[in-house]
Asks: 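So that we are looking at the same thing, I have put the structure below in structure tokens.
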Amino acid sequence: MRVLIVEDDAPLRGGLQSVLELAGHRTATCADGLQASHLLESEPFDLVVLDLGLPRRDGLDVLRRWRARGGTTPVLVLSARDQTTQKVQGLDAGADDYLNKPFERTEFEARVRALLRRGQSPMQRIGCLSWDAAQRRLTINGEDVPLTRNESVVLEALMRPPGQIVSKAQLAARCSADHIAVSDNEVEVYVYRLRRKLAIAPDARIKTVRGLGYCLMAAGADE
Ligand code: CA
């Protein structure tokens, strides 16, 4: 697997690189946010380890821009900012997981393994619904179901993994394109349209979790 490490603290960056390479991964490293954005746009990665406090471009900004461009690579955020609001901001900006500094090596390794496992299978299935993340293609009972860009962004977020609650703010951050922010109301419209398209799947549905967001689940799984 190919991992991008974005960290301006040189000893920590080197340490993370050794840990990942010992685990058999290939790595690329950079020490500032602007370079991170360039690398993400020009090379494929299976995982990004992203510090938040970075020179030239803040890590949250890197993450928001990457998700806004439709980037789906799993992102593990590292931060010394341990307040809950910062964590929420990171998750809302599209982080898949979050580690507060300082952290144990074993915990870092476990989070990396979990994120890489999650990203490994490009084909996600729930009931008769299949989502091919690599081709961004939805099939229900083997039939192609065309989706708009934002519908596919919403479905992609709900599929990683199915059953996990995704907030409206997270979906809005993922749907937002360069300089065009998507509102919560627009997210509701995308979810509404996606539900109509999923209605032909008898065994999967998007559930609204009041005050928290949405999750995709097998029909009857929660009742
Ligand atoms: Ca830093």
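Ligands are counted one by one from 1 in listed order, and the atoms in each one are counted from 1 as well.
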Asks: Of the backbone and side-chain N, O or S atoms of Asp8, does one lie nearer to the Ca ion (ligand 1) than 3.0 Å?
Replies: yes
Asks: Which angle, to 10 degrees, forms at the Ca ion (ligand 1) with O of Gly53 on one side and OD2 of Asp51 on the other?
Replies: 80°
Asks: Indicate whether the side chain of Gln17 and that of Thr27 have a donor and an acceptor atom separated by less than 3.5 Å.
Replies: yes
Asks: Please confirm if an N, O or S atom belonging to Leu54, backbone or side chain, lies less than 3.0 Å from the Ca ion (ligand 1).
Replies: no
Asks: We want to know whether Thr208 and Arg195 form a side-chain donor-acceptor pair, criterion being a heavy-atom distance below 3.5 angstrom.
Replies: yes
Asks: Answer yes if Leu212 and Met217 sit in the same cluster of Ile, Leu, Val, Met, Phe, Trp and Tyr residues linked by side chain heavy atoms under 4.5 Å apart, and no otherwise.
Replies: no
Asks: Okay, side chain of Glu186, backbone of Ser183: is any donor-acceptor separation there less than 3.5 Å?
Replies: yes
